[in-house]
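In what follows, a single structure is set out as structure tokens and then discussed.
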Amino acid sequence: MADYDLETASAKLDRDEIVQRLRGMWRWQELLPVFQPENIISLGEGDTNLLPARRLGEQLGLPRLFIKDESSNPTGSFKARGMAAAVSKAKELGLNKLVIPTAGNAGGAMAAYSARAGIQAMVIMPADSPLANIKECQVMGAEVILVEGLISDAAVLARQKSQDQGWFDLSTFREPYRCEGKKIMGYELAQAFHWELPDVIIYPTGGGTGLVGMWKAFAELEFLGWLKSKVKPRMVAVQAEGCAPVVKAFQSRDVDCDFWAGAQTIASGLRVPRSFASRIIMQDLYQSGGCAVSVNDSEIISAQKNMAVAEGVFAAPEGAATLAALTHLLDRGWIRSDERIVLFNTGSGLKYLA
Ligand SMILES: *Cc1c(COP(=O)(O)O)cnc(C)c1O
């Protein structure tokens, strides 16, 4: 993972000055991996809204419920954050051919940022990925290869392309920078909660970049001395019943996940049979005092409807899954009614319309 000279940063950087800068992910540029500002490839990612979910909160008896709404990012999902960081760094390093295996949204974001950078893009994705994901990659000039199978099958082909033909592989956690882009969600939460952190973060977990990234951000924020309290959020990983390797490992208190065979769910971003960073995901969950919860597709569909009707947020199925998980956690008594809870809506439901 990327490391920073946080000692110097804590002496030189002023959090209150940073939040006065222009909006967006790059206001945190000293804490991102790109050295030269001219290498930054941006489409306006980051600084998404933290919406108070008052009506849902009333229904659930949770007066401090929020939705971090990532659907307003370029390309309609939070994958934009990771790709903005990774493609910018690739440009800085002089790379000119990028390949990615994806369940969908990462491909669209990679195609967009590569187009903007003038870098060649190759996207390898399951043939049954949402149509919007396939089309956006094609429109943005990426070479698209559809595979029969899952992201794990796409990953095998991507590695081959990288070894045989010199395409640089941007697979989740095979390069360190996508996680850096996503960690900024953690900085934004700290800022929004006036340098405290919420009590619980409910996050739909596929490759786990955001979960691992935010946990890293909280450690950095603490080192920088920017937080008012040492209390960290309990991180909740949400997965689909049809692909729940993290939940399975959590239930048996394992330090690592097994490959999940036959992964199936409408939440395509969660159709990740095993993350390359599965050990780190587990470690962060245990350290935070969090947990892992699985929900089924029909619960996801009802939660999507409930969130839309109550809050006007048309969430991606992955984002809706966090609301479904929240009701499980309430049933189990895992959440107190006075806690500050953040649901991550990681993308727009519009991208999943057939
Ligand atoms: C990729 C994706 C996820 C999973 O994110 P990870 O950081 O890989 O765990 C969740 N929701 C959406 C909409 C996605 O595209």
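What you see is a predicted model; the values in this text were computed from it and never measured.
Within the structure, no pair that satisfies the salt bridge (charged side-chain N to carboxylate O under 4.0 Å, His left out) test touches residues 96-107, not counting sequence neighbours. Contacts classified as side-chain hydrogen bond (donor to acceptor under 3.5 Å, both in side chains) and involving residues 342-354 (residues at least two apart or in different chains) are given here: Asp69-Asn345, Asn105-Lys351, Asn105-Tyr352, Glu136-Lys351, Glu318-Tyr352.
Of the possible polar contacts, none joining the Ser77 side chain to the Asn73 backbone as a donor-acceptor pair under 3.5 Å is found. Remark: the backbone N or O of Asn296 is paired with a side-chain donor or acceptor of Glu299 at under 3.5 angstrom. Of the possible polar contacts, one joining the Arg64 side chain to the Asp338 backbone as a donor-acceptor pair under 3.5 Å is found. Proximity of a side-chain donor or acceptor of Asn39 to a complementary backbone N or O of Ser88 within less than 3.5 Å is not detected. Side-chain N or O atoms of Ser275 include one that pairs as donor or acceptor with a backbone N or O of Gly207 at under 3.5 Å. Judged purely by atom type and a 3.5 angstrom limit, Thr102 uses its side chain to pair as donor or acceptor with the backbone of Gly107.
Taking the side chain as every heavy atom from C-beta outward, Arg178 and Lys79 approach each other to under 4.5 Å. Between Ile184 and Glu45 there is no side-chain heavy-atom pair separated by less than 4.5 Å. Taking the side chain as every heavy atom from C-beta outward, Pro204 and Thr322 approach each other to under 4.5 Å. Using a 4.5 Å heavy-atom cutoff, the side chains of Met235 and Tyr203 are not in contact. Proximity of Leu326 to Leu65: side-chain heavy atoms (C-beta onward) are separated by under 4.5 Å at one or more points. Val99 has its side chain out of reach of Gln165: every pair of non-hydrogen atoms, C-beta onward, lies at least 4.5 Å apart. A 4.5 Å side-chain heavy-atom check between Thr75 and Met83 finds every atom pair outside the cut-off. Side-chain contact between Arg271 and Asp128 is present, with at least one heavy-atom pair separated by less than 4.5 Å.
The side chain to side chain contact (heavy atoms under 4.5 Å, CB included) check on Asp5 picks up Glu7, Thr8, with sequence neighbours excluded.
When the shell of 6.0 Å around NZ of Lys228 is examined, it contains more than 12 heavy atoms from other residues, nucleotides or ligands. Heavy atoms from other residues, nucleotides or ligands lying under 6.0 Å from CG of Leu22 number 12 at most. For Arg21, the CZ atom is densely surrounded, since the number of other residues' heavy atoms within 6.0 Å is greater than 12. With a 6.0 Å radius and a threshold of 12 heavy atoms from other residues, nucleotides or ligands, Phe35 has its CZ atom at or below the threshold. The neighbour count for Glu17 CD, taken as heavy atoms of other residues, nucleotides or ligands under 6.0 Å away, is above 12.
Classification of Arg27 and Asp47 as a salt-bridged pair holds, one side-chain N sitting under 4.0 Å from a carboxylate O. Residues Glu188 and Arg81 are paired through a salt bridge, judged by an N-O separation under 4.0 Å between the basic side chain and the carboxylate.
Note on Leu62 and Leu323: same hydrophobic cluster, where clusters join Ile, Leu, Val, Met, Phe, Trp and Tyr whose side-chain heavy atoms are under 4.5 Å apart, directly or indirectly. At a threshold of 4.5 Å between side-chain heavy atoms, the hydrophobic network of Ile, Leu, Val, Met, Phe, Trp and Tyr places Leu95 and Val123 in one connected group.
A cation-pi arrangement is absent between Arg274 and Phe276 under the rule of less than 6.0 angstrom and at most 45 degrees off the ring axis. No cation-pi contact links Lys183 to Phe218, judged by a cut-off of 6.0 Å to the six-membered ring centre and 45° from its axis.
For Glu30 and Tyr4, the side-chain atoms include no donor-acceptor pair closer than 3.5 Å. Judged by distance alone, the side chains of Thr48 and Glu70 do bring a donor and an acceptor atom under 3.5 Å apart. With no hydrogens or angles considered, no side-chain donor-acceptor pair links Gln239 and Trp260 at under 3.5 Å.
Using the six-membered ring where Trp is involved, Trp226 and Trp195 have ring planes that are perpendicular, over 60° apart on the 30 and 60° scheme.
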